[in-house]
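Remarks on the structure that follows.
Order of the sequence lines fixes the chain letters, A, B, ..., with proteins taken first and strands second; residue numbering starts at 1 for each chain.
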2 protein chains.
Amino acid sequence: MLHHSISENFPNHFQRESLDLVGNLLPLSSSGFYLVGPDMRHRGVVLRNLPAQVEQEYTRHYRELDPLRPALFERTDTRVVCMDERLTEAELLASEYYQQFMLPLNHRHVADMFFRSDDDIIAVLTMLRAASLGPFTPAELALLRTLQPFLDFTLSSVYLPRRRRERATLGQRHDLTDRELDVAELILAGASNKAIALELGLSVATVKTHLQHVFRKVGVASRTALSARLLGDLGSRNTER
Amino acid sequence: MLHHSISENFPNHFQRESLDLVGNLLPLSSSGFYLVGPDMRHRGVVLRNLPAQVEQEYTRHYRELDPLRPALFERTDTRVVCMDERLTEAELLASEYYQQFMLPLNHRHVADMFFRSDDDIIAVLTMLRAASLGPFTPAELALLRTLQPFLDFTLSSVYLPRRRRERATLGQRHDLTDRELDVAELILAGASNKAIALELGLSVATVKTHLQHVFRKVGVASRTALSARLLGDLGSRNTER
DNA sequence: GCCCGCATCATCCCTTTGGTGGATACCGGC
DNA sequence: GCCGGTATCCACCAAAGGGATGATGCGGGC
C-alpha cells in the first residue's frame, strides 16, 4: 500500500517557500508554518531552525497559554499580530508562557501571520526572534501586512484546487459520497473517530457509519489500511487505464 | 498531517514503467504489478485495464487457488512462468480458479514474472490475455526471461536505496532504533499489530512495546496519527535547518 | 563487574475501533 | 405516492489497540 507520494508535494512545498520568503525579507531566529483549520485537511507543520518536538510541547502544554493563539483572533480580521503590541515587556517576562516555553528556546519577540477561509483561521505562519535581533519594527510589520494577501492568494489558489482534485480522484475511484470523503480526508490526517466527529460536527456513531461504508467501498478492514491505500491511490494517478 | 507526497513517487512509478514496457513489447489484455514480500515494505499494486476491486477479490478468495501463486515458487529460481506450461487446457478449464476468477474477467492466458531478494519473492508482474490474443509463445516467454534481469536490476538499484534513505530520514529525525523502524514501516503499509508480528516473527506483545516507544519518540498517540506524521516527514525533507 | 540500551515477551486494564442491525429524516426521480 | 440514496443517530458486542509495569537476555562501554 504505501506509499506513494504525490508528485508535486503540496502543501509542504508552499509552506517551505513561504518561510524562505519571510526569512529572506527580515531577520528571524526561527519560524514555523502550521496548517490548522477545518479547511486544511492535510494538516502539517514545517519548522525552520526548531527541533521537531517543540511542536509537540506547544500543542500539548503551551497552546492554551499563547498570547497570540489563533482562537483569540477568530472573529476579527487581524492578519498580522505581534507579541510586543499585545503585551508590555513586564507582562510578557512575567508570563508562564514566556518563562516556560519561549525562554528555554531563547525567543524574545514573536509575530504571527494568519490565513483565513470564511473567518476560520486555517493556517498560521509564526516568526520568532532572539532578543539580540531586536523587536519587530513598525516597518517590518507593515511589510508583513503587505505580504499577507499575496501568500493568502497563493494558498487558496493552489491548495484548495489541489484538495478538490484529490477529493475527486478518490471519490471517483471508490464511488465515495461527499460526506464519506470528509471522513476519509480526516483519516488521512491521522484523526481519531472522536476528533472526526468534533471536526465535522457529528456524533461518533455517524462517523463510524460513514467509515463502515468507506471500508466496504475501498475494500479494507481498518483505518490504517485505508490511509495506506488512499495514499497509494493518490500517488498512482493512472492505476486503471 | 498528510500529506506528504514525496517528490519522486517510487515505487509506483517503477511499477507503471514496467507495465508500460511489457505492454508495448507484447499484446496484453491487462496486467498488474504487485509488491509483496517482506523486503517491500511499501507494498502496493498497480493495475492496467483491471478494476480495482479485482485485487481485493483475488487476495481474499483466489490467491490460494492460483496455479501460479508465488508460494509455489519460493525455493526455486523460476523467473517467468506461464499458465499454459503448468496446466493442460483441460485442467485449466475445469479449475475453480479459471471458472470463478479468470472467466468472468475474460482472461484465458497468464504469465507471471517474479522478482526476488534472497530467495524471497518480493514482487510479481502478472500479464493477462483474452483467448483472442492467443497463448504466450515460446519466443515471447524467452523475451520476458531476457527482460526480467533488467527489471530486477532496476528494482533493486532504485527501490532498495530509496527505502534505506527513508529509513535513515525517519530514524534520524525521531531517533528510532532499527527494530522500531521495521514496525514503523509496516504501520505505513497499513498493517495491524498481528500482521506486523507475523511479518517480523515477533509476538504481538513485542510489537506493542516497539510501537509504544515509537509513539513516544514521534509524539503521537495512535498508529493513524503516526502514519500521517511520518508521511509528512518523508514529504518535507528540509523541515529542520 | 556493572550499567545501559536494545530487543523480547507477559499481564492487566481501559479505550478505541470495527461490525451488525436497526431507526429517522430529507430529497429527488419515476 | 413510493423508492432509493444520503445523512444522521442509537445500542450492543467483539476485536483490536493503547498504556503501564515488569521481567529476561544480550551486547557493548567504562
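With rounding to whole Å, A:His210 atom NE2 is found 5 Å from D:dA7 atom C1'.
Under the ring pair (Phe, Tyr, Trp, His ring centres under 6.0 Å) criterion, B:Phe101 pairs with B:Tyr58, B:Tyr62, B:Tyr97, not counting sequence neighbours. Partners of A:Phe115 by ring pair (Phe, Tyr, Trp, His ring centres under 6.0 Å), not counting sequence neighbours, listed by chain and number: A:Phe33. Applying the side chain to side chain contact (heavy atoms under 4.5 Å, CB included) test to A:Ser222 and every residue at least two apart in sequence or in another chain returns A:Thr224, A:Ala225. For B:Arg164, there are no side chain to side chain donor-acceptor pair (under 3.5 Å) partners, not counting sequence neighbours. Residues passing the side chain to side chain donor-acceptor pair (under 3.5 Å) test with A:Lys217, sequence neighbours excluded: A:Glu180. For B:Asp178, the salt bridge (Lys or Arg N to Asp or Glu O under 4.0 Å) partners two or more places apart in sequence, or in a different chain, are B:Arg167. Residues that satisfy the side chain to side chain donor-acceptor pair (under 3.5 Å) test with B:Thr76, not counting sequence neighbours, are B:Thr78. Applying the salt bridge (Lys or Arg N to Asp or Glu O under 4.0 Å) test to B:Arg116 and every residue at least two apart in sequence or in another chain returns nothing. With sequence neighbours excluded, the residues satisfying side chain to side chain donor-acceptor pair (under 3.5 Å) with A:Ser30 are A:His107.
For the helix from C:dG1-D:dC30 to C:dC30-D:dG1, the axis fitted to the five pairs at one end and the axis fitted to the five pairs at the other end meet at an angle of 30° (nearest 10 degrees).
In summary, contact between chain B and DNA chain C, defined as any nucleotide atom under 4.0 Å from a heavy atom of the protein, begins and ends at C:dC6 to C:dA10 in the 5' to 3' direction.
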Sugar-phosphate atoms are those with a prime plus P, OP1 and OP2; base atoms are the rest. Using that split, label each nucleotide of nucleotides 10-28 of chain D B, S or - for protein heavy atoms under 4.0 Å, 5' to 3'. B-----SSBBS--------

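For D:dA7, the OP1/OP2 oxygens have a side-chain nitrogen or oxygen of A:Thr177 closer than 4.0 Å.
No donor-acceptor contact under 3.5 angstrom links the side chains of B:Thr209 and B:Thr206, judged on distance only.
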